[in-house]
Amino acid sequence: MNLDITRMSVDICKLDSQDGKGLPIHVPQNVGFLETYRYLMEDVADPRVADWLFMDSPFLLLGIISLYLLLVLHLGPLYMKNRKPYNLNKVMIFYNIFMAIASAAAFHGLLTSGYTTKYSLGCEAHTVSYDSESNRMARWVWRVVLLKVFELSDTVIFILRKKYNQASFLHIYHHTSTVLLAWIACKFVPGGMWTFTIMLNSIVHVIMYSYYLLACLGPEMQKRITPWKQYITGLQMIQFIVMICHTIQTLLPSCEPNRKPVAFLYISQILIMFYMFCDYYKKSYLTKKTE
């Protein structure tokens, strides 16, 4: 009898949608943690991604993030305390080339997996479909998750070069939250309008890593491109504004009603990032000009 009540309580949380899946609006008190976890990981999640690396459960990813934080906040600085900074210029050149190309590939893959055919920039519902284009879109979202995990190497390079000022709270928070948001997108909504923010972020990263690549080419090049750093930060802020405007569509009653929890999570995190980047922009560029 208790089992039937639990199942009924979980079913109440589901909302009908085009794909027959929903996210919980609230979890009743009589539903335990394990039942809620099973519901999210099995009933709500996109079944196509379940067997892909990192996507079975969040624990492997959370373990990597925990190790990352331990490394860049404690073990890395401790290891480098009595050591000279490593000269990683060649490593950084190849790393930035790879990241720029990989980000461009992700942008092209996402763009051609729906936006050049059936998607508009309006409200596009996420549906679980096994046609080739939908599967390709889900695969590219998953590849972005892998790319975001690899991007954590940015901070490791900073620590090994003793560029501790670059491994700021903003930088670490941005990298950590981006990995988690990418995982949530792949696990629950690897299709529809939810992929727009990922596609936009990918093209911004092409520009960003291209800038970092040029900065590795010597002092003379650094001197030439330094004025552009301000504009790249501004571009990232514009990116957040566009992301927020696009995602706000999901709050309309007719748009993805069963995915509103993801929308609230997206918007809240983007607003936090926008505020932090505004604060960085003000301190780094506007304050210096007035001094």
When you check the side-chain N and O atoms of T155 and H171, is any donor under 3.5 Å from an acceptor? yes
Taking atom CG as the centre, does D56 end up with more than 12 heavy-atom neighbours from other residues, nucleotides or ligands that are less than 6.0 angstrom away? no
In terms of hydrophobic clustering (I, L, V, M, F, W, Y; side-chain heavy atoms under 4.5 Å; direct or indirect links), are F59 and I65 co-clustered? yes
Using a 4.5 Å cut-off on heavy atoms from C-beta on, say whether the side chain of Y95 contacts that of F150. yes
Within a strict 4.5 Å, meaning less than it, do heavy atoms of the P58 and W183 side chains meet? yes
May I ask you to decide if T250's main-chain N or O and K260's side chain share a donor-acceptor pair within less than 3.5 Å? yes
I need the minimum non-hydrogen distance between P77 and I159, along with the two atoms involved. N-CG2, 3.8 Å
Show your reasoning for whether side-chain contact (heavy atoms from CB on, under 4.5 Å) applies to Y173 and I272. CA-CA 10 Å; Y173 182 88; I272 291 172; 3.7 Å; yes
Do Y130 and P47 come within less than 4.5 Å of each other through their side chains, counting heavy atoms only? yes
I'd like to know whether CG of N87 has more than 12 heavy-atom contacts from other residues, nucleotides or ligands below 6.0 angstrom. no
With side chains defined as the heavy atoms from C-beta onward, is the minimum distance between L252 and C123 less than 4.5 Å? no
Flag side-chain contact, heavy atom, 4.5 Å: W194 against F188: no
What I want to check is whether the side chains of E124 and Y115 have a donor and an acceptor closer together than 3.5 Å. no
Report yes if the side chains of M80 and Y86 come closer than 4.5 Å at any heavy-atom pair, otherwise no. yes
Rounded to the nearest 0.5 angstrom, the OH-CG distance for Y68 and L73 is 8.0 Å
Do the side chain of W140 and the main chain of S113 share a donor and acceptor less than 3.5 angstrom apart? no
For G192, does its backbone N or O pair with a side-chain atom of T195 as donor and acceptor, under 3.5 Å? yes
Just wondering, are more than 12 heavy atoms of other shown residues or ligands nearer than 6.0 Å to OH in Y37? yes
Has S153 got a side-chain atom pairing as donor or acceptor with V156's backbone, closer than 3.5 angstrom? no
Where do S268 and L265 come nearest, in terms of heavy atoms and distance? OG-O, 2.9 Å
Any donor-acceptor pair under 3.5 Å linking the side chain of D43 with the backbone of R38? no
Give the minimum heavy-atom separation between V49 and M55, together with the two atoms involved. O-CB, 3.0 Å
Rounded to the nearest 0.5 Å, what separates atom CD in Q236 from atom OH in Y231? 15.5 Å
One pair to check against side-chain contact (heavy atoms from CB on, under 4.5 Å): F264 and L251. What are the steps and the verdict? CA-CA 9 Å; F264 290 133; L251 303 183; 3.5 Å; yes
Here the pair of heavy atoms bringing A215 nearest to I225 is N-CD1, 3.5 Å
With a 3.5 Å distance limit and no angle check, can you tell me whether S120 reaches the backbone of G122 through a side-chain donor-acceptor pair? yes
Which pair of heavy atoms, one from F107 and one from I203, lies closest together, and at what distance? CD1-CB, 3.8 Å
For side-chain contact (heavy atoms from CB on, under 4.5 Å), just list the numbers for M276 and F169, CA-CA rounded to whole Å, side-chain angles, deciding distance to a tenth of an Å, and then say yes or no. CA-CA 10 Å; M276 294 172 70; F169 176 80; 3.5 Å; yes
Would a 4.5 Å heavy-atom cut-off, applied to side chains only, mark R139 and P190 as touching? no
Ring centers of F277, F274 separated by less than 6.0 Å: no
Is the distance between the ring centroids of Y119 and F196 under 6.0 Å? no
More than 12 heavy atoms of other groups within 6.0 Å of K90 NZ: no
Under a 3.5 Å distance rule, please check whether H246 uses its side chain to pair with a backbone N or O of V242 as donor and acceptor. no
Main-chain N/O of G109 paired with R143 side-chain donor or acceptor, under 3.5 Å: no
Point-to-point distance, once rounded to the nearest 0.5 Å, from CE of M99 to CG of N96: 8.5 Å
More than 12 heavy atoms of other groups within 6.0 Å of D51 CG: no
For Y209 and D154, the nearest pair of non-hydrogen atoms, with its separation, is OH-OD2, 2.8 Å
Quick check on the 6.0 Å ring-centre criterion: do F54 and W142 meet it? no
Just checking, is any N or O donor in the side chain of S132 or N135 under 3.5 Å from an acceptor N or O on the other one? no
Derivation and outcome, side-chain contact (heavy atoms from CB on, under 4.5 Å), residues V179 and V145: CA-CA 6 Å; V179 172; V145 175; 5.6 Å; no
So CE of M92 and CG of L160: to nearest 0.5 Å the spacing works out to 11.0 Å
Spell out, yes or no, whether F94 and L214 are grouped together once hydrophobic residues are joined by side-chain heavy atoms under 4.5 Å, including indirect joins. no
Distance, nearest 0.5 Å, that separates CG of L110 from CD1 of I198: 6.5 Å
In one Ile/Leu/Val/Met/Phe/Trp/Tyr side-chain cluster, 4.5 Å: V44, F33: no
Under a 3.5 Å distance rule, please check whether S103 uses its side chain to pair with a backbone N or O of A100 as donor and acceptor. no
Hey, could you give me the CD1/SG distance between I241 and C245, rounded to the nearest 0.5 Å? 7.0 Å
Should L200 and L121 be regarded as members of a common hydrophobic cluster, given that ILVMFWY residues are connected when their side-chain heavy atoms come within less than 4.5 Å of each other, either directly or indirectly? yes
Tell me if the aromatic rings of Y164 and F158 count as close, with their centers under 6.0 Å from one another. no
Do the side chain of H205 and the main chain of N201 share a donor and acceptor less than 3.5 angstrom apart? yes
Are V149 and L53 linked, directly or through other ILVMFWY residues, by side chains that come within less than 4.5 angstrom of each other? yes
Any T178 side-chain heavy atom under 4.5 Å of M273 side chain: no
Below 4.0 angstrom, N of the basic side chain to O of the carboxylate: do K187 and D46 qualify? no
Using a strict cut-off of less than 4.0 Å between a Lys/Arg side-chain nitrogen and an Asp/Glu carboxylate oxygen, indicate whether K148 and E151 qualify as a salt bridge. yes
